[in-house]
J.: 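Got a structure for you, questions after.
Chain naming here is simple, since letters A, B, ... match the order of the sequence lines and numbering starts at 1 in each.
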Protein chains: 2
Amino acid sequence: MANVKLLEYLSPLIPDSAESVSLLVSHFEHKVLQKGDIVLKEGEICTAFYFVESGHLRTCYNKEGVKINMHFHLEGSITSDHINGKAGIPSEFTIEAGEKSEIWVLNRETLVELCHADPKIMIFGRRLLSRILVDLSAHSNLFRMYTPAERYQYIEKNSPHLLQRVSLSNLASYLGMNRRTLTRIRAKK
Amino acid sequence: MANVKLLEYLSPLIPDSAESVSLLVSHFEHKVLQKGDIVLKEGEICTAFYFVESGHLRTCYNKEGVKINMHFHLEGSITSDHINGKAGIPSEFTIEAGEKSEIWVLNRETLVELCHADPKIMIFGRRLLSRILVDLSAHSNLFRMYTPAERYQYIEKNSPHLLQRVSLSNLASYLGMNRRTLTRIRAKK
DNA sequence: ATAATTTTGAGACTTTTGTCTCATAACGAA
DNA sequence: TTCGTTATGAGACAAAAGTCTCAAAATTAT
């Protein structure tokens, strides 16, 4: 039940206080997932944050029966369909394990309660939200401003590990191109 | 110096209090823009929110010398490069008037000060931010999940007025396609 | 109103991307 | 290790999107 990555992620977000950190950590629920295990299903309301301790989660949606990947979250990152979840809107996304994974789940309601109970956790809550939104917005700008081929080059340069972890078909749908096109891009060069 | 749209936008976001509303409104700066006038230039740090009272603003970036449109904000909506601006990061975007426009500018610093001075404005501030982020995230999901052609159909259905206001070339770059392709889409049907 | 400028639609051609297919390679389970 | 399943690379063709171009509208300024 490792939580090294979790602590690494939380520490910079919470004012230094052993009690607050351990109070916070104690409310994360540990889960072990096999490849394909679903964390959030399309149509459900997202009620939690999912931190990846090991393995990875993929967020995808259904496009005329085909699964299209929106995000991959490797170990050390956190995901959620927070904006819709908070508003009580069913998610269009499914979040599932892309491989055997260990995750830590923090219920949104629980976090709200902790925020009221502990001002340091309140600060954490704000920083967490802000970080999630900043990451999300950076990610979506990247996808808006780059062509599929540029996205591939970006990934190659900035998170090459992802290429080892995700199948070509999954990567292709993530980049917004056909598998054949991705093969071509890799072929030349 | 009309502010009808501005009041319409602010009212639902601020707890009922004539004083707070008028305090807030008094800190918006009125500007009249001619087509092409620049509100925020690529490379500058965005320090304000821009509310469109009439006309529209376009947000674009430079892609190898070509201007690509990211957003159009028609009258009654608000825009900003808030996330980067807040972090002190120079914007990659230029925001300019797409036609003769009237806008209301609210400085971010000013808003922060008002938040400290008036708890009702604090509530407003939170709601404003949340609304901006929700809109942004909905918009970017839409662009991520739809093909260029589907985006056109979406606009046609949900904001047909935009088609009357923006030139085909500008619309095409907004939708992520070539002008020729947009012409083809409109031709069939 | 008239001239100058900008925008538009569409033909002809090129390039890119997608579909279908299949043999080979890699992987997972018994 | 072996068998069955899934992933990969690539050929052949089809479809879609992009480039270049230009004449006809539409818009703007004088």
Side-chain angles (χ1 to χ4, degrees), chain A residues 32-37 54-56 58 60 62-69 72 96-101 143-156 160-189, chain B residues 32-37 54-56 58 60 62-69 72 96-101 143-156 160-189:
Chain A
V32 174
L33 307 173
Q34 299 306 312
K35 179 172 179 173
D37 284 358
S54 73
H56 76 267
R58 54 189 274 248
C60 53
N62 248 72
K63 178 118 185 181
E64 289 131 42
V66 185
K67 272 192 182 175
I68 308 286
N69 295 298
F72 294 104
E96 61 177 65
E99 61 190 291
K100 190 171 186 307
S101 309
F143 269 76
R144 186 85 190 277
M145 298 172 78
Y146 286 1
T147 64
E150 290 168 334
R151 284 170 215 156
Y152 177 73
Q153 274 134 28
Y154 181 90
I155 300 293
E156 215 178 12
H161 21 290
L162 185 65
L163 307 181
Q164 264 58 62
R165 306 279 288 279
V166 165
S167 82
L168 265 211
S169 315
N170 279 332
L171 186 64
S173 87
Y174 175 64
L175 298 173
M177 62 172 91
N178 191 278
R179 188 169 69 86
R180 187 69 187 81
T181 306
L182 181 51
T183 300
R184 284 191 188 111
I185 289 176
R186 313 177 100 197
K188 56 180 157 188
K189 263 207 309 180
Chain B
V32 175
L33 306 173
Q34 298 306 314
K35 179 172 179 172
D37 285 357
S54 73
H56 76 268
R58 54 189 273 249
C60 53
N62 248 72
K63 178 121 187 177
E64 290 132 41
V66 186
K67 272 190 181 176
I68 308 286
N69 296 298
F72 294 104
E96 61 176 66
E99 62 190 289
K100 190 172 187 306
S101 307
F143 269 75
R144 186 86 191 275
M145 299 171 78
Y146 286 2
T147 64
E150 290 169 335
R151 285 171 214 156
Y152 177 74
Q153 274 135 27
Y154 181 89
I155 299 295
E156 213 178 15
H161 20 293
L162 186 64
L163 307 180
Q164 264 58 61
R165 305 280 286 281
V166 166
S167 82
L168 265 212
S169 315
N170 279 332
L171 186 64
S173 86
Y174 176 64
L175 299 173
M177 63 172 91
N178 192 278
R179 188 169 69 86
R180 188 68 188 83
T181 307
L182 181 50
T183 301
R184 284 192 189 110
I185 289 176
R186 313 176 99 197
K188 54 181 156 186
K189 263 210 307 183

J.: Any heavy-atom pair between the side chains of Q153(B) and E156(B) that's under 4.5 Å?
T.: yes
J.: Heavy atoms only: give me the nearest V166(B)-H56(B) pair and the separation to one decimal.
T.: CG2-NE2, 4.1 Å
J.: Rounded off to whole Å, could you give me the CG-to-P distance for the L175(B) and dA17(D) pair?
T.: 12 Å
J.: Which heavy atom of F72(B) sits nearest to which heavy atom of N170(B), and what is that distance?
T.: CZ-O, 3.8 Å
J.: Taking Y146(B)'s backbone N and O only, do any of them form a donor-acceptor pair with R151(B)'s side chain (distance below 3.5 Å, no angle check)?
T.: yes
J.: Can you tell me the distance, in whole Å, between the CE atom of M177(A) and the C1' atom of dA17(D)?
T.: 16 Å
J.: Where do E150(A) and K63(B) land on the side chain to side chain contact (heavy atoms under 4.5 Å, CB included) test, with the steps shown first?
T.: CA-CA 12 Å; E150(A) 290 168 334; K63(B) 178 121 187 177; 2.6 Å; yes
J.: Can you measure I185(B) atom CD1 to dG9(C) atom P for me and round it to whole angstrom units?
T.: 13 Å
J.: Just the rounded figure in Å: distance from P of dT6(C) to NZ of K67(B).
T.: 14 Å
J.: Looking only at heavy atoms, which two atoms of A149(A) and M177(A) are closest? And how far apart?
T.: N-CE, 3.9 Å
J.: Measure across G176(B) and P148(B) and return the closest heavy-atom pair with its distance rounded to 0.1 Å.
T.: O-CG, 3.8 Å
J.: Going 5' to 3' through nucleotides 24-30 of chain D, assign each nucleotide B (protein heavy atom under 4.0 Å from a base atom), S (under 4.0 Å only from sugar-phosphate atoms) or - (no protein heavy atom that close).
T.: -------
J.: Measure the distance from CG on L182(A) to P on dA7(D) and round it to the nearest whole Å.
T.: 14 Å
J.: Between F143(A) and Y174(A), does the ring centroid distance fall short of 6.0 Å?
T.: yes
J.: Starting at CD of E150(A) and ending at P of dT17(C), how long is that distance when rounded to a whole Å?
T.: 11 Å
J.: Would you work out how much the helix from dA1(C)-dT30(D) to dA30(C)-dT1(D) bends between its ends, with each end axis defined by five base pairs, to 10 degrees?
T.: 60°
J.: I need the CZ-P distance between R165(A) and dA7(D), as an integer number of Å.
T.: 17 Å
J.: Mark up nucleotides 8-14 of chain D, 5' to 3', with B wherever a protein heavy atom is under 4.0 angstrom from a base atom, S wherever such an atom reaches only the sugar-phosphate, and - elsewhere.
T.: BBBBB--
J.: Taking C-beta and beyond as the side chain, do K67(A) and E96(A) meet within less than 4.5 Å on heavy atoms?
T.: yes
J.: Return the minimal non-hydrogen interatomic distance between L182(B) and L168(B), and the atom names on each side.
T.: CD2-O, 3.6 Å
J.: Between dC13(C) atom C1' and N178(B) atom CG, what is the distance in whole Å?
T.: 14 Å
J.: If I compare all heavy atoms of V32(A) with all of K100(A), which pair ends up nearest, and what's the gap?
T.: CG1-NZ, 4.3 Å
